[in-house]
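To start, the structure itself, in structure tokens.
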Amino acid sequence: MPDVALGGPLTLEHHVLTSLLGAWALAACSAEEAAAVEEHIGECAPCADEALRLRDAVALLQRPESLDLDPALRTRVLEGCLERRPPRIPVPEWATPYDAESARLDALLQDFGDAEWHAPVRLRWFEADGAASRRTTVAGVIAHLLTVDGLVATALGLADPLGDITAPTSAPAGRTEAYWRASHYPPTRAVRAPWREQSHGIVRTVSFTGDVGGMPVSYGDFELPLHDAMLDRAFECWVHAEDIADAVDYPYEPPSARHLNRMIDLAARMLPGVLAERRRAGLAAPGTRPHLVTAGAPGRSLRLEIEGSGGGEWLIPLDSPGATGSADHEVAHVALDGVEFCRLAAGHVPPAEAAAGQVGDREAIRDVLFAAASLSRM
């Protein structure tokens with residue numbers, strides 16, 4: 001290569017410029033070499049054709065990049081920012097899944113036009129050991145989230161989104177139906193602003209509670225501690241975001257592994273109570289013989305193994321909500337993918353089709369799978 005004075009043009013022979021075309025196509029030339037090549041191909045037709053063919057070949061070698069952001073990107077960016085400058089009043093760890101899922105759903109909604117807001121959505125859940133569904137729209141789903149999130153909002157002393165509307169029951173379905181009926185027109189994009197304002201208000205308010213997340217939140221016929229209610233709302237936010245994404249034919253990723261693990265853990269902790277309720281209602285088998293277990297004592301257990309993102313293992317006591325899971329009393333083992341288990345708990349997958357692997361007491365396995373599906377509601 002010839003010496004060149006600083007700031008002066010780079011003069012190269014034709015055969016040298018031809019040899020640089022491959023490096024130029026890969027953007028591997030120095031700035032001076034690139035300028036010389038680009039000046040040359042503006043004057044030399046054969047080299048210009050070769051440069052074009054090389055650029056096309058390089059484009060084929062590159063993997064196409066999705067325009068969809070990694071669902072974990074927001075978490076990583078926030079963690080990086082908070083490491084540099086910790087918040088004066090941080091969001092409690094148990095509230096971060098709801099904060100993340102409501103933000104992801106809001107990002108999905110922000111570019112929706114009128115057609116998308118009125119796209120039909122079928123809400124699905126599991127009721128009386130069978131599939132149940134309700135037809136609504138994208139805006140109707142956000143109205144549903146607004147009213148049910150309102151249970152947490154009112155427990156925190158915030159305004160009830162129902163306002164003067166009287167619901168027949170304080171259960172989520174009753175509140176939603178009352179809100180839908182009271183609307184003079186079908187819900188539109190206008191419902192997004194109050195829903196997002198309420199979600200911000202909930203996160204901001206729980207941040208002032210510190211680590212005290214045990215206050216009860218009533219769902220009508222049952223209660224959850226605040227930290228579990230926030231996980232429940234995060235789970236439903238994700239499930240209904242997938243419903244909306246399916247309705248508008250848009251891809252939507254599951255939550256981050258850490259948040260998904262917490263949602264699965266909540267469902268696993270609720271299973272013994274649901275099993276007991278189903279047994280009292282005659283929907284679950286009592287076993288080959290009565291099993292009376294003292295609270296806190298080990299009893300018959302099912303090992304629930306969750307594979308993939310957010311996975312882990314849980315021992316589910318089968319005979320009493322007060323019993324403890326015990327590996328020594330294990331009678332069955334079920335293996336499920338993490339996202340598949342969550343869709344089962346949301347009532348989107350029939351219990352008979354959910355298990356990837358089953359070993360042991362068939363009645364116990366059936367009872368646990370049906371109990372998981374019974375966690376779902378509108």
Side-chain angles (χ1 to χ4, degrees), residues 1-87 91 96-97 99-113 115-116 119 237-238 241-242 244-261 307-311 337-340 342:
M1 301 290 289
D3 294 331
V4 61
L6 185 63
L10 189 62
T11 303
L12 301 174
E13 296 182 8
H14 183 273
H15 72 278
V16 176
L17 290 166
T18 303
S19 69
L20 286 174
L21 290 177
W24 174 83
L26 291 167
C29 290
S30 68
E32 294 82 2
E33 291 169 342
V37 169
E38 287 164 8
E39 182 179 353
H40 176 69
I41 62 178
E43 301 170 350
C44 178
C47 286
D49 291 341
E50 180 66 13
L52 184 61
R53 283 194 295 270
L54 289 171
R55 270 286 168 91
D56 290 342
V58 169
L60 293 174
L61 293 173
Q62 293 176 333
R63 288 182 57 189
E65 296 184 3
S66 171
L67 294 177
D68 299 319
L69 296 178
D70 181 348
L73 177 61
R74 179 178 184 272
T75 300
R76 293 199 302 269
V77 170
L78 286 176
E79 285 178 348
C81 294
L82 296 177
E83 283 177 2
R84 289 176 174 267
R85 185 178 179 182
V91 175
T96 55
D99 188 27
E101 291 310 309
S102 57
R104 288 210 301 143
L105 174 54
D106 189 52
L108 172 66
L109 300 173
Q110 65 181 353
D111 294 327
F112 277 16
E116 287 87 0
C237 193
W238 163 47
E242 279 202 335
I244 291 171
D246 288 343
V248 298
D249 195 24
Y250 194 86
Y252 201 81
E253 295 295 324
S256 66
R258 183 174 59 182
H259 294 168
L260 190 64
N261 178 268
E307 302 169 337
S309 179
D337 173 73
V339 173
E340 184 83 352
C342 287

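Given the structure is predicted, the values throughout are model-derived calculations rather than measurements.
Within 6.0 Å of CD on Gln110 lie more than 12 heavy atoms contributed by other residues, nucleotides or ligands. Counted within 6.0 Å of CG on Asp249, heavy atoms from surrounding residues, nucleotides or ligands total 12 or fewer; the atom is thus considered open. Environment of CD in Glu39: sparse, with no more than 12 heavy atoms of neighbouring residues, nucleotides or ligands closer than 6.0 Å.
The shortest heavy-atom contact between Leu260 and Pro255 is CD1-CD, 4.2 Å. Gly22 and Leu54 get closest at one heavy-atom pair: N-CD1, 3.7 Å. Of all the heavy atoms in Gly308 and Asp337, the pair that sits closest is CA-OD1, 4.3 Å. The minimum heavy-atom distance between Trp24 and Cys29, with the atom names listed, is N-SG, 3.4 Å. In terms of heavy-atom proximity, Leu12 sits nearest to Ala36 at CD1-CB, 4.3 Å. The two residues Trp238 and Pro254 have their closest heavy-atom pair at NE1-CA, 3.7 Å.
With rounding to the nearest 0.5 Å, the separation of CZ in Phe112 from CD1 in Ile244 is 6.5 Å. Here CD of Glu13 is found 10.5 Å from OG of Ser19. Values are rounded to the nearest 0.5 Å. Here the CG atom belonging to Leu21 is positioned 7.0 Å from the NE2 atom belonging to His40, to the nearest 0.5 angstrom. We find the OG-CD distance between Ser256 and Glu101 to be 7.5 Å, quoted to the nearest 0.5 Å. With values rounded to the nearest 0.5 angstrom, Glu242 atom CD is found 11.5 Å from Leu105 atom CG.
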**Item:** side-chain contact (heavy atoms from CB on, under 4.5 Å) between Cys47 and Thr18, intermediate numbers included
**Value:** CA-CA 7 Å; Cys47 286; Thr18 303; 3.7 Å; yes

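In this structure a side-chain-to-backbone donor-acceptor pair under 3.5 Å is present from Glu116 to Gly113. No donor-acceptor pair under 3.5 Å is formed between the side chain of Arg104 and the backbone N or O of Cys237.
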